[in-house]
Amino acid sequence: MMRNWIKSFGIMLILITFVAGCSSYSTSQGSGQTNSEGYEEATIRLAYNLPQDHHVAKGVEQFAKDVTEKSGGAINVQVYPAGQLLSDKDMNQSILTGGVEMGVNSSTLWASTVPVMGIFDVPYVFNTYEEAGDALNGEFGDKLKASMEEKGAKVLMFADYGFAQFANNKRPLESPADFEGLKIRSIGDIPSEMIKAYGASPVFMGGGEVYMALQRSTVDGATSGTTAMVQRKYDEVTKYLTINNYAYLEFILAVNKDFWNKLPEKSQLLLSETATEAEAWIRTQAEIEDEKTAKQLEEKGMEVYVVPEEDIPMWKEAAKPAWDAFSNNAGNIGKELLKMVD
């Protein structure tokens, strides 16, 4: 009798474990139940690392809020901002493996997994916000999305960060030759090739380390968007700002492809349409924020040099080694993308 009781108890434990596992799984995949609006219940975790007051973060937060409200609360998008859940270095792998359902990360960091995403770091690919928007809304954007899906991530949104510029302590950078001998904090492999082509030495470090490095003269300058320069108080540790709009920085809102494929079509449509709305707002805001923050840096005492439009071909020609580096790394699809925008 005791033996039978032990056997029955063991079976009960197995059943309890199985039910608990199913319950845990349904938390992120959906309960199968629908609300009065016809949306299936699901919880989606969305992580990002930007400060919450950045325009990209604001757009992503609004996207999450709108999805939850439009679905009548059935699709609960839980946002984890400013690195609370994942670092930017861990983000992409977590999205690809399903550790998190959604995440926002820079195209530069995606380029290590999906080389064609490095296109945004190629110098002078886009000259205006409108050019970037038109390309991303067309065949150019479709090719990038397809490359991401091949790796297991679906792009829901291209979130425009804005153009990248240069700040430094040594002298005004009015031509590529002025970079000679400087140590410049870089943001990725492709920009590093451009910095070397201009005669400077690229130095890699995290965004949070740049202020101290500039203050201690570990580096002479740094490249970033002016929105980040204001947030990280570059005006306190650098004197010169060069506006040359050499790279159009992008952040990607991506969702795990397996998770996406298991969502009902109605939920997919809501997420896609809401992401499109947020993307348009972020793109408009990128131009506004770039202009506003560049002006703020000037008002705070930085000497600003805006490269004349007629000089850009000279800067672009000097940066050709960066184009070659991208072509060699991104293969035929990379070459196709460059032809579409050159």
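Remark: the H55 side chain and the T227 side chain contain no N/O donor-acceptor pair separated by less than 3.5 Å. Defined by atom type and a distance below 3.5 Å, a donor-acceptor pair is present between the side-chain atoms of E61 and Y48. With hydrogens and angles left out, the side-chain atoms of Y246 and Q165 include no donor and acceptor closer than 3.5 Å. A donor-acceptor pair shorter than 3.5 Å can be found between the side chains of N105 and N92.
Between M91 and the choices I252, L96, L86, V104, the side-chain contact (heavy atoms from CB on, under 4.5 Å) rule is met once, by L86. Looking at E277, M157, K58 one by one, the single match for side-chain contact (heavy atoms from CB on, under 4.5 Å) with I282 turns out to be M157.
Checked by atom type and distance alone, the side chain of D121 never pairs as donor or acceptor with a backbone atom of D189 at under 3.5 Å. Here the side chain of S272 pairs no donor or acceptor atom with the backbone of L269 at under 3.5 angstrom. Under a 3.5 Å cut-off, the side chain of N137 and the backbone N or O of G133 do form a donor-acceptor pair. Remark: the backbone N or O of E209 is not paired with any side-chain donor or acceptor of R232 at under 3.5 angstrom.
With contacts defined as side-chain heavy-atom distances shorter than 4.5 Å, the pair E250/L136 qualifies.
Taking the six-membered ring wherever Trp is involved, the centroid distance between the rings of F120 and Y248 does not fall below 6.0 Å. Aromatic rings of Y129 and F163 (six-membered ring for Trp) have centroids within the 6.0 Å cut-off, being under it. Remark: aromatic rings of Y240 and F166 are distant, center separation not under 6.0 Å.
Heavy-atom minimum distance, Y124 versus A319: CE1-CB, 4.3 Å.
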Check against side chain to side chain donor-acceptor pair (under 3.5 Å), E336 and N332: CA-CA 6 Å; E336 288 179 26; N332 290 333; over 6 Å; no
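With respect to D311 and K316, no salt bridge is recorded, no charged nitrogen being found less than 4.0 Å from a carboxylate O.
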